[in-house]
Number of protein chains: 2
Amino acid sequence: MGRHREFDMEKVLDAALCVFWRKGYEGASYADLTEAAGVERPALYSAFGNKEALFRRALDRYSERYLDYLPEALKLPTSRQVAAHILYNAVDLNTRFPNHTGCLGINGAVAGSDETEPVRQALIDFRAAGQAQLHERFERAKAEGDLPETVNTEALAAFVMAMTHGMAVQAKAGFSRDMLNAVADQALSTWPAKSS
Amino acid sequence: MGRHREFDMEKVLDAALCVFWRKGYEGASYADLTEAAGVERPALYSAFGNKEALFRRALDRYSERYLDYLPEALKLPTSRQVAAHILYNAVDLNTRFPNHTGCLGINGAVAGSDETEPVRQALIDFRAAGQAQLHERFERAKAEGDLPETVNTEALAAFVMAMTHGMAVQAKAGFSRDMLNAVADQALSTWPAKSS
DNA sequence: CCAATTTCATAATGATCGTTATTAAACCAC
DNA sequence: GTGGTTTAATAACGATCATTATGAAATTGG
């Protein structure tokens, strides 16, 4: 019994996601969030809890809705294809929406006040999870002979992630899609080949 | 005439720089700044102006005190040495101080509220200036035959900068110096050789 | 030594922050 | 329909934000 909820929680979450994506965790105020969502403050609190909980829900939704290219990439046959798929899709995602360029995993919080520390750590974990999957995939590639025995797969995964982070910063700075694709080309230009 | 200033402006500026370096522009409050500097609020305002002006002064000082490796790098004989000098020195700077890891150019502001927009833009310009110098140096390298005629020097400069940005994010996330050096190794292994 | 001037420290400014009482409206079971 | 329950909207909460009056302390020129 009781009154029915009048708003669509998914739409509200999408609106909040866009605000966080654009302004980051600390830069997004409840005034921004409620305006974007078209809902009053208490509705956000009753539906999602506090700001940190809302951000975590938005981050989850970000994974589900926009990062499907990551599991896709891991299924590709060669490590180079995996990396290329990730980098070019990251460029696409980082430049597709003029209202929120870059990546939530970076824009969300790189540095901030002590109060934002749990969110900053959540984003560190979020990025580390992607890197771990990539690392694992590269280990498999090494076992399959797709990568040389000498390669440092952990560093290689960190390198690919560093590229996505760096391009996300550049996308947020207004770099064009073409420019970022050229940067990705460069990153892939001499992928470690199985020498001998 | 009049009373003398009792604090050292350079030391106060250094203290403010460390706070911004650690918490970013938006995450650094005057409570943080005054505590670190050991001076009261009105002293900061009378000496530097408002928060934005203080940040800009801190950014200038950051360039002078910590980014001397950039002009050093540009003087090196080959483009590969230039890039290597930049990347390894960036790793060193990003991991040298446990209290403020990463890079002010990134930690300062990637995303934020609308109020922080001028500072965000100043950091974009700051990073663009470094990239432009690098681009120019690579153009010279091409003219000297150090780089192939076919290379996209703008994308190459953007690639090196993307690496520094990405590694700065990772340094702020707690990556070790050794790990980041391995990432830099990887970035340089993709360096374009003058084929044939 | 006095007057003018500058810096200092204390404390207050209005605004905005994230978070909730509070009350009216809408719904279901009975 | 009526009572119990959930949501909606208004408005307020204390805390903190960046910024600044205010007045005492300190210094120099006359």
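A:Tyr25 has its OH atom 13 Å from the P atom of C:dC17, to the nearest Å. B:Lys51 places its NZ atom 19 Å from the P atom of C:dA15, with the value rounded to the nearest Å. Here the C1' atom of nucleotide C:dT20 and the CG atom of A:Leu44 are 14 Å apart, to the nearest Å. In this structure, the CZ atom of A:Phe48 is 16 Å from the P atom of C:dT20, given to the nearest Å. Going from atom CG of B:Asp32 over to atom C1' of D:dC17 covers 11 Å, rounded to whole Å. With rounding to whole Å, A:Phe55 atom CZ is found 14 Å from C:dG18 atom P. Atom CG in B:Leu54 sits about 15 Å away from atom P in D:dC17, given to the nearest Å. Remark: C1' of D:dT19 and CG of B:Leu33 are 13 Å apart, rounded to the nearest angstrom.
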Counting primed atoms, P, OP1 and OP2 as sugar-phosphate and everything else as base, the B/S/- map of nucleotides 20-30 of chain D against protein heavy atoms under 4.0 Å is BB---BBBSS-
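For B:Arg140 and B:Glu136, the salt-bridge test fails: no basic side-chain N is under 4.0 Å from an acidic carboxylate O. The existence of a salt bridge linking B:Asp14 and B:Arg65 is confirmed by a sub-4.0 Å separation between a basic side-chain nitrogen and an acidic carboxylate oxygen. A salt bridge between B:Arg80 and B:Asp146 is absent, with no side-chain N of the basic residue lying under 4.0 Å from a carboxylate O of the acidic one.
Heavy atoms of B:Ala28 sit under 4.0 angstrom from primed sugar atoms or phosphate atoms, though from no base atom.
Phosphate contact (OP1/OP2 of D:dC17, side-chain N/O of B:Tyr30, threshold under 4.0 Å): absent. Applying the 4.0 Å criterion to OP1 and OP2 of D:dC17, one finds that B:Ser29 has a side-chain N or O inside that range.
Within a 6.0 Å sphere centred on CD of A:Glu115, other residues, nucleotides and ligands contribute 12 heavy atoms or fewer. No more than 12 heavy atoms of other residues, nucleotides or ligands lie within 6.0 Å of CD in A:Glu35, so this atom counts as exposed by the packing criterion.
For B:Ser63 and B:Asp60, the side-chain atoms include no donor-acceptor pair closer than 3.5 Å.
In terms of heavy atoms, A:Lys172 sits closest to A:Thr101 at CA-OG1, 3.5 Å.
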